[in-house]
Structures are given as C-alpha cells and as structure tokens.
Amino acid sequence: MNERTTTRRRFLGTAAGATGVALGAAVWGANQAAAAAVPGEATQRLMADKRSFVAGNFTLELDGVSAGFLKDADGGQAYSDVVVEKLGPDHIARKHIGGVKYEDITVNAGLGMSKAFYDWIAASWAMKFQRKSGSIVAADFNMQARSTREFFNALITETTIPAMDASSKDPAFMTIKWAPEYTRTKASSGKVTAPIATQQKMWLPSNFKLQIDGLDCTKVNKIDAFTVKQSIVANNVGDTRDALLEPGTVEFPDLAITFAASSSETWQKWFDDFVIQGNNGQESEKNGTLTFLSPNLQSELGTVKFFNMGIFKLDDDASEDANGNVIQRFRALLYCDNMVLSVIGLGGPKPGPSPTPTLPPR
C-alpha cells in the first residue's frame with residue numbers, strides 16, 4: 001500500500017465519521033435539496049449536504065504556506081451517485097449509492113497571490129502535474145475565521161483567463177478549478193492574515209498588450225476569455241472510499257481576437273495565404289505573447305505565451321459606440337498548440353523569457 005493511501009486511511013480513521021465532513025459547515029451557506037433523479041438515466045447525482053461558501057473574505061493556504069486572499073471560493077462538497085438497479089421479481093427498482101466523490105473547488109483570484117500559486121497553474125499547463133493540499137478559510141467582515149475547508153492531493157482542472165477588453169473598467173480575475181481527492185470542513189477561529197501585496201497593482205482587463213509575429217496588433221481592443229482544461233481520471237482503489245486522481249490530457253483553447261479595421265491588412269494577408277491558398281504548414285504558424293500591464297501601463301504583471309497559432313476564420317465585426325457611431329472591426333479566430341503562463345506573484349521576480357516548447361512535427 002503506497003504512502004498516499006496509508007496517509008488517507010489514517011486520517012479517515014481518526015476523523016469523527018461522517019460528521020467530520022459537515023463540521024462547522026453552517027457558515028459555508030444554506031442547505032440545498034438533494035438532486036432529483038434524471039428520467040431515463042441509471043444514476044442520479046445526490047449532493048451530500050451541499051453547501052456554498054458564505055459571502056465574505058477568503059484566504060488560501062497551499063502546503064502549509066499562505067498563498068493570499070481570494071475574491072471568492074466555492075465547491076469541494078462531498079456527494080455520491082445513486083445507482084438504480086434493474087427491476088427485481090417484485091418489480092421495484094432498488095437503489096443504492098456508490099462511492100464518495102468531491103466537487104471541484106472553484107476560486108476567483110487576481111494577480112496578487114503568492115508565486116507558488118501561479119507556479120502550480122503554470123506547471124499544470126506544462127503537463128508537469130503537481131498535487132497540492134491546503135485549505136480555504138472563510139472569514140467574516142472583521143476578518144475573524146469562521147470555517148475552514150481542507151482539501152487534499154488536488155490537481156488543477158481548469159484555468160480561465162478573463163476577457164481583455166479596452167473598454168472595461170472593472171478589475172480582472174482568473175477563475176481556477178481544482179479537483180481534490182477528498183475534503184474536510186471544520187469550524188475555525190482567530191484572525192485571518194495573508195501576505196501583504198506591497199508590489200501588487202490592480203489588474204484591469206483594459207491594460208494589456210498583444211504581440212503576434214508579423215501581425216499588426218496595435219489596434220486590438222478585445223481578446224475573449226479562454227479556458228485551459230486538464231482532464232482528470234479517477235482511479236478507484238478497492239479498500240478505500242475515496243478515489244485516487246490521475247492527470248489526463250491538457251486542452252488548449254482557440255483564441256478570439258477583435259481589432260480595428262484600419263489594422264487588418266496583415267491579418268487579411270495571413271488569412272488569404274493560410275486558409276485560401278492552403279499554405280498552413282507548421283512553418284506558417286505564428287507565436288505570440290499576451291502581456292498583463294499595471295494601471296500605469298509601465299510594469300508587467302504577467303504573460304501568456306502562445307505557440308504555433310493558426311488562423312481559421314476572419315469576420316467583419318461592426319459595432320456601435322455609446323453615441324451610435326458605427327465602428328468597423330474584424331474578429332479573428334486562431335487555434336493554438338500550446339500556451340505558457342508566467343505571473344510574478346508575491347515574492348517572485350519579474351518574469352523572464354520563457355523557453356519555446358519542443359513540439360512534435362505534425
């Protein structure tokens with residue numbers, strides 16, 4: 001039996017049974033009814049005392065070290081599947097539940113977290129998977145801890161980079177999901193603290209810069225939100241209630257980029273050559289960089305590097321401003337083979353150039 005399985009069983013052996021899952025969970029939100037059966041399906045999802053985080057303040061701890069304040073957090077609830085058996089001699093479909101499962105934990109965070117937090121995300125994108133254990137502490141208005149949700153051996157499943165929009169005035173936040181092998185909730189007390197963001201500036205979606213090889217990106221006004229997904233495979237073990245989680249493949253999304261018609265010449269030329277003429281080999285693909293900038297537009301907060309991009313659609317995208325004036329724009333759709341995330345984070349140096357990944361020829 002491996003060390004991880006032994007550790008989990010030891011923890012479960014000392015926990016106070018099922019009450020350990022729900023201890024102190026009242027501060028995480030109101031109860032919701034169990035999910036109803038889906039007609040025609042053999043199983044249904046039954047939420048075991050599904051609760052949400054209360055509105056307030058949240059801090060994240062990773063591997064025993066504070067990682068900073070979160071905008072909000074949710075998930076991590078335990079649940080099980082209800083299995084409906086075949087009709088028996090008495091013509092009654094008997095039901096029972098399967099093993100314990102745990103919802104993904106979802107958090108929203110800016111660029112003021114610890115460097116370790118962003119390194120965890122970056123490692124997931126690079127398929128250098130890291131399992132992390134930690135906790136999320138929910139605090140009240142006075143920053144007094146009220147509840148803690150612990151998670152164990154978690155793997156990141158999704159990272160959503162918010163839309164970059166030159167007209168937006170609201171702060172930007174990434175949405176990160178991770179799948180824990182199991183969670184525990186307990187009551188907490190004491191003052192909540194986290195690293196002070198002495199060098200952190202507000203992250204605004206209007207403060208960005210896009211560069212793509214050979215293209216005029218000076219008039220780009222919007223990049224749609226995009227999500228990098230990591231598949232997870234549950235590996236059930238016979239003598240434990242909780243499944244071991246194993247990483248699967250990483251899926252990099254397409255990009256949607258909107259820019260002024262006055263800067264469309266280089267884009268149109270690439271589209272005609274790449275799509276219409278069919279010159280779309282790997283040598284015709286492009287690399288690029290999205291840079292997140294501070295409010296004064298002078299400092300870099302982080303970057304996403306794109307590798308082996310190819311254009312596959314280019315549309316007119318006319319719109320009106322607040323005064324009803326028509327603005328002529330174009331919207332390009334690009335695929336991307338690989339992406340690399342680099343964020344300064346608290347306590348981290350300014351990001352340097354990222355090495356170009358070695359990709360197999362197609």
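Between Phe69 and Met113 the shortest side-chain heavy-atom distance does not fall below 4.5 Å. No side-chain heavy atom of Ile105 sits less than 4.5 Å from a side-chain heavy atom of Lys177. Side-chain contact between Phe259 and Ser264: present, with at least one pair of heavy atoms (C-beta onward) separated by less than 4.5 Å. Ile311 has its side chain within reach of Phe271: a pair of non-hydrogen atoms, C-beta onward, lies under 4.5 Å apart. Put simply, the side chain of Asn221 reaches to within 4.5 Å of the side chain of Arg329, judged on heavy atoms. For the pair Ile156/Ile121, a side-chain contact is recorded, criterion being any heavy-atom separation below 4.5 Å from C-beta on.
The heavy-atom pair separating Met309 from Gly288 by the smallest distance is CE-N, 3.7 Å. Counting all heavy atoms, side chain and backbone alike, Phe208 lies closest to Lys222 at CZ-N, 4.2 Å. Residues Phe274 and Gly281 share a closest heavy-atom pair of CE1-O, 4.3 Å. A pairwise comparison of heavy atoms in Asn207 and Ser294 identifies ND2-O, 3.6 Å as the closest pair. Closest heavy-atom contact between Pro205 and Pro171: CD-C, 4.0 Å. Between Leu333 and Ala256, the shortest heavy-atom contact is CD2-CB, 3.6 Å.
How far OH of Tyr102 is from CZ of Arg184: 4.0 Å, rounded to the nearest 0.5 Å. Residue Ser342 holds its OG atom at 11.5 Å from CG of Leu301, rounded to the nearest 0.5 Å. Atom CG in Leu62 sits 5.5 Å away from atom CH2 in Trp120 (nearest 0.5 Å). The distance from atom CG of Leu334 to atom CD1 of Ile212, rounded to the nearest 0.5 Å, is 5.5 Å. For the atom pair CG of Leu293 and OG1 of Thr303, the computed distance is 11.0 Å after rounding to the nearest 0.5 Å. Residue Lys313 holds its NZ atom at 11.5 Å from CG of Asp254, rounded to the nearest 0.5 Å.
Evaluated for a side-chain contact (heavy atoms from CB on, under 4.5 Å) with Ile223, the options Val304, Leu290, Ile161, Thr258 yield exactly one hit, Leu290.
Arg331 has a carboxylate O that lies under 4.0 Å from a charged side-chain N of Asp224, or vice versa, which qualifies the two as a salt bridge. One finds a salt bridge joining Glu150 and Lys186 here, because a Lys/Arg side-chain nitrogen approaches an Asp/Glu carboxylate oxygen to under 4.0 Å.
Cation-pi geometry between Lys101 and Tyr79 is not satisfied (NZ or CZ under 6.0 Å from the ring centre, within 45° of the ring normal).
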(request) Determine, stepwise, if the pair Cys217 / Gln211 fulfils side chain to side chain contact (heavy atoms under 4.5 Å, CB included). (result) CA-CA 6 Å; Cys217 297; Gln211 297 170 300; 5.8 Å; no
(request) Would you check, one step at a time, whether the test side chain to side chain contact (heavy atoms under 4.5 Å, CB included) holds for Phe306 with Val340? (result) CA-CA 7 Å; Phe306 308 113; Val340 175; over 6 Å; no
(request) Start with the C-alpha gap between Gln230 and Phe129, add the side-chain angles, then the distance that decides, and say whether side chain to side chain contact (heavy atoms under 4.5 Å, CB included) holds. (result) CA-CA 10 Å; Gln230 162 70 58; Phe129 313 105; 2.6 Å; yes
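A donor-acceptor distance shorter than 3.5 angstrom exists from the side chain of Asp63 to the backbone of Ser133, with no hydrogens or angles considered. Put simply, the side chain of Ser231 gets close to the backbone of Thr249: a donor and an acceptor are under 3.5 Å apart. Although no hydrogens or angles enter the test, the distance criterion places a donor-acceptor pair under 3.5 Å between the side chain of Asp140 and the main chain of Gln144. A donor-acceptor contact shorter than 3.5 Å links the side chain of Asp90 to the backbone of Ile92.
Lys286 meets the salt bridge (Lys or Arg N to Asp or Glu O under 4.0 Å) test with no other residue; sequence neighbours excluded.
Few gaps surround NZ on Lys132; more than 12 heavy atoms of other groups in view lie less than 6.0 Å from it. The number of heavy-atom neighbours closer than 6.0 Å to CD of Glu265, taken from other residues, nucleotides and ligands shown, is 12 or below.
Within the structure, every pair that satisfies the side-chain hydrogen bond (donor to acceptor under 3.5 Å, both in side chains) test and touches residues 155-176, not counting sequence neighbours, is listed here: Asp104-Thr157, Asn108-Thr175, Trp125-Thr159, Thr160-Thr227, Asp165-Ser167.
Aromatic ring centroids of Phe292 and Trp203 lie under 6.0 Å apart. A ring-centre distance under 6.0 Å is found for Phe152 and Tyr182.
Aromatic ring pairs are classed by plane angle as parallel below 30°, tilted from 30° to 60° and perpendicular above 60°; the pair Phe151 and Trp178 is tilted.
Remark: the Thr183 side chain and the Arg149 side chain contain no N/O donor-acceptor pair separated by less than 3.5 Å.
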